[in-house]
Amino acid sequence: MSAEVAVDVDGLRMRYGTNDVLRDVTFRAHHGEVLALLGPNGAGKSTTIEILEGFRMRSAGRVEVLGTDPARGTEHWRARLGVVLQSWRDHGKWRVRELLAHLGSYYARYSTDLIRRPWETDELVAAVGLTEHAGKKIRTLSGGQRRRLDVAIGIVGRPEVLFLDEPAAGLDPVARHEFHGLVRDLAARGRTTVLLTTHDLDEAEKLADRIVILDAGRIVADGTAAELARRMAGEDRVRWTRDGQEFVHRVPDSTRFVHDLFRRHGEAIENLEVRRATLEDTYLALVRRAESGNGAAR
Ligand SMILES: Nc1ncnc2c1ncn2[C@@H]1O[C@H](COP(=O)(O)OP(=O)(O)OP(=O)(O)O)[C@@H](O)[C@H]1O
């Protein structure tokens with residue numbers, strides 16, 4: 001495995017009884033990369049993440065996270081990972097700063113010259129936007145503040161790989177924006193590899209360097225948001241009127257098409273509207289295609 005690869009998944013299979021929920025899943029994530037696992041309910045996103053975290057044993061395939069098979073991960077390996085689960089419901093009586101300092105102390109023995117562990121408590125509290133609430137008891141926090149605390153708990157040990165399951169669920173738009181900034185910063189400056197699951201296309205597009213679309217246990221697409229949108233050629237929609245008549249065309253290259261349109265009809269063109277293929281169009285088309293049995297589009 002190259003030193004640049006933080007997560008390496010090859011031919012991963014998972015079977016519950018006779019039900020195959022992951023079939024030949026193969027992808028890689030590099031250091032400092034933000035990768036989104038996107039897919040409908042039951043696609044296998046959480047199962048994949050749980051296998052990578054070492055919480056679930058796979059049926060077949062090769063998996064390495066930071067060069068280690070999660071099924072054989074040691075405490076030292078685990079200390080290099082961060083996990084943000086759906087929501088932290090315990091420790092209601094603890095105060096925010098107190099809990100983070102307590103959890104952080106566990107990581108001190110895993111500090112290295114390169115990565116100082118844990119994250120200094122007040123700095124961490126500020127990074128997740130909880131400074132004003134640092135002295136509050138956890139049970140008095142709002143849902144969004146609790147979510148910020150979940151993120152703080154996930155990153156208190158300065159993880160090299162961070163797993164986020166539906167990270168922005170329950171955050172208001174401002175908190176979501178700040179959270180996206182924090183994740184991008186962890187990846188860009190801290191070289192943290194981030195693997196997140198989401199149903200939210202907008203979030204995947206804004207946050208992820210690369211998107212892996214899973215459907216019914218199979219990868220149906222893998223690429224940047226722009227690459228995925230481009231792959232669905234013919235999806236730009238151009239609408240206009242000429243002499244009172246309306247026209248709608250779907251074309252692969254709307255810029256060239258519009259140029260030709262004006263060259264031919266000049267000022268007779270009115271009410272021009274161009275709608276680019278969006279990631280949502282791509283996603284819906286890929287998932288429909290996979291479900292109709294026309295297979296992967298990698
Ligand atoms: N412990 C289990 N035993 C049997 N089947 C399971 C178990 N856990 C998950 N499954 C099945 O595996 C499939 C994938 O589930 P998973 O939770 O990984 O999907 P997901 O993509 O995360 O879905 P969601 O978006 O709904 O969270 C589903 O069909 C689910 O019913």
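Both ligands and their constituent atoms are indexed starting at 1 by order of listing. The figures that follow rest on heavy atoms only: side chains count, while hydrogens, waters and symmetry mates do not.
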N/O separation below 3.5 Å, K45 to ligand 1: yes
Please work out, at 4.0 Å between heavy atoms, whether the side chain, the backbone, both, or neither of H199 comes within that distance of ligand 1. side chain
Run the contact test for G44 against ligand 1 with a 4.0 Å cut-off on heavy atoms, strictly below, and give the result. yes
Does ligand 1 have an atom that lies less than 4.0 angstrom from a heavy atom of G17? no
Short question: side chain of R56, backbone of E50 - any donor-acceptor pair under 3.5 Å? no
Would you say R15 contacts ligand 1, with heavy atoms under 4.0 Å as the rule? no
For the pair D200 and K206, find out whether any cationic side-chain nitrogen is under 4.0 Å from an anionic carboxylate oxygen. no
Validation row: R184, V34 side chains within 4.5 angstrom (heavy atoms): yes
Check the pair W94, H102 against ring pair (Phe, Tyr, Trp, His ring centres under 6.0 Å), reporting the backbone distance first and the verdict last. CA-CA 10 Å; W94 286 68; H102 172 70; 4.9 Å; yes
Looking only at distances, can you tell me whether any N or O atom of A43, backbone or side chain, sits closer than 3.5 Å to an N or O atom of ligand 1? yes
Less than 3.5 Å between some nitrogen or oxygen of T47 and one of ligand 1, yes or no? yes
Should you measure from each heavy atom of S46, which atoms of ligand 1 turn up under 4.0 Å away? 17 (O), 18 (O), 20 (P), 22 (O), 27 (O)
Just to verify, which of D10, L195, L12, L214 counts as forming a side chain to side chain contact (heavy atoms under 4.5 Å, CB included) with F27? L195
At less than 4.0 angstrom from any non-hydrogen atom of P40, what atoms of ligand 1 do you find? 21 (O)
Less than 4.0 Å between a side-chain N and a carboxylate O, is that true for R210 and E227? no
Before signing off on this row, confirm whether N41 and ligand 1 have an N or O atom pair separated by under 3.5 Å. yes
Please identify which atoms of ligand 1 are closer than 4.0 Å to at least one heavy atom of R56. 1 (N)
Using modelled atom types only, decide if a donor and an acceptor are shared between the side chain of K45 and the backbone of I213 within a distance under 3.5 Å. no
Less than 4.0 Å between a side-chain N and a carboxylate O, is that true for D202 and R176? no
For atom 13 (C) of ligand 1, which candidate among V21, D215, D165, L22 holds the nearest heavy atom? V21
